[in-house]
Amino acid sequence: MILRSKLYYLDVVDSTHEYLRGLANEAPEGTIVVADRQTQGHGRAGRSWYSPEGGLWMSVLLVSSNPGLMQIVGAVAVCEAMNYFNILLGIKWPNDLMLGGKKIGGIIVEPVGEKVILGIGLNLTIRSFPDELEIEATSLFLETKKRFDKMMIFDVLCKELDDLYGMSLYDHSPEILVKWRHYTIMLGRMVRIETETGSITGRVIDINSDGALVVVGSENKIQRITDGHCQFL
Ligand code: BTN
């Protein structure tokens with residue numbers, strides 16, 4: 001097992017991501033930082049990430065030249081882990097984990113030299129969210145009214161992540177993409193994606209192994225989109 005070569009379990013931290021970034025040069029591949037609570041958790045595009053007690057907040061140090069694939073690995077690993085508990089999550093490109101039409105978690109991947117830090121946030125027993133998140137966010141407890149053991153979820157997730165990361169190292173990305181296609185809620189949907197250079201509208205047909213979404217737009221033009229904010233039409 002590569003994952004958990006070193007494990008830092010903290011009560012509270014500004015951000016597991018930033019804590020791990022500080023260790024990234026010396027820490028071995030597979031190092032994990034987990035915290036019960038973050039005071040300055042952050043998501044993609046500099047957004048803040050609500051991280052009180054009641055969630056799984058973790059960052060993992062991996063070695064990869066393909067951050068897009070690591071994003072897929074992270075999202076699929078969470079879905080496989082929750083599937084073990086009979087919870088079917090959906091993946092909304094690029095990094096949202098969905099349950100009951102709302103966001104229950106997210107993935108963030110940031111390169112640090114030749115390594116990447118993969119961050120996972122999963123809302124477990126949070127019972128209410130700040131007003132600005134109320135409409136779009138949810139937690140496992142709010143959706144199922146059941147209590148799950150956080151350490152059990154963490155254990156299963158580490159195993160799934162280890163399997164998928166191992167597959168990526170041995171060039172098994174086609175198998176990883178098969179799993180992504182199984183869990184995603186994107187395929188066949190009409191979307192509008194706001195990118196840095198403008199907006200793209202079309203029907204989603206696939207994902208590439210670098211994490212780019214493949215969309216067919218007007219006049220059957222195929223576009224591969226590497227990043228952006230996605231809205232269903
Ligand atoms: C997103 O949906 O924008 C990604 C959210 C990622 C949040 C996790 S929680 C653990 C790790 N530490 C952070 O500060 N962010 C990530």
Side-chain angles (χ1 to χ4, degrees), residues 3-4 7-24 27 30-62 67-79 81-82 89-112 115-126 129-130 132-140 150-151 153-154 157-158 161 180 183-186 193-196 211 213 226-231:
L3 251 73
R4 267 199 276 194
L7 175 65
Y8 295 80
Y9 201 120
L10 311 168
D11 294 341
V12 59
V13 68
D14 51 356
S15 155
T16 56
H17 227 66
E18 298 317 310
Y19 191 92
L20 185 53
R21 193 194 302 281
L23 304 170
T31 298
I32 301 183
V33 178
V34 199
D36 283 337
R37 186 161 68 84
Q38 301 183 115
T39 54
Q40 287 175 61
H42 62 82
R44 278 178 65 246
R47 284 188 282 266
S48 75
W49 181 260
Y50 182 60
S51 332
E53 273 193 32
L56 180 57
W57 322 127
M58 61 186 269
S59 297
V60 187
L61 191 64
L62 302 174
L69 182 60
M70 291 303 106
Q71 179 125 317
I72 294 173
V73 161
V76 171
V78 177
C79 291
M82 293 317 298
L89 300 188
I91 302 172
K92 179 172 177 236
W93 183 90
N95 70 326
D96 294 345
L97 297 164
M98 309 294 290
L99 185 61
K102 291 185 165 193
K103 179 160 170 165
I104 191 171
I107 308 292
I108 184 171
V109 175
E110 287 173 353
V112 186
K115 301 173 179 170
V116 299
I117 300 177
L118 167 69
I120 297 174
L122 190 60
N123 304 329
L124 299 178
T125 54
I126 298 174
F129 289 88
E132 65 278 14
L133 298 176
E134 188 73 50
I135 299 175
E136 61 182 38
T138 194
S139 71
L140 198 51
K150 180 158 98 173
M151 289 321 292
I153 294 180
F154 175 69
L157 177 54
C158 285
L161 208 47
W180 184 91
Y183 288 112
T184 191
I185 55 170
M186 303 299 298
I193 298 173
E194 305 295 338
T195 72
E196 275 187 354
L213 196 68
T226 51
D227 202 5
H229 177 72
C230 172
Q231 222 187 318

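These figures come from a predicted structure and were not determined experimentally. Every number for a ligand or one of its atoms is a count from 1 in the order of the listing.
Counting non-hydrogen atoms of other residues, nucleotides and ligands closer than 6.0 Å to CD of E132 gives a total above 12. In R44, the CZ atom is crowded: over 12 heavy atoms of neighbouring residues, nucleotides or ligands sit closer than 6.0 Å.
Looking at S59 and H17, their side chains do bring a donor and an acceptor atom within 3.5 Å of each other.
For K92, the salt bridge (charged side-chain N to carboxylate O under 4.0 Å, His left out) criterion is met by no residue, not counting sequence neighbours. In this view, D36 and Y9, K150 satisfy the side-chain hydrogen bond (donor to acceptor under 3.5 Å, both in side chains) rule, not counting sequence neighbours.
Identified under the side-chain hydrogen bond (donor to acceptor under 3.5 Å, both in side chains) test for residues 49-58, with sequence neighbours left out: Q38-S51.
Closer than 4.0 angstrom to ligand 1 by heavy atom are S15, T16, H17, Q38, G41, H42, G43, R44, W49, W57, M58, S59, N95, K103, G106, I107, I108, I120, G121, sorted by chain and number.
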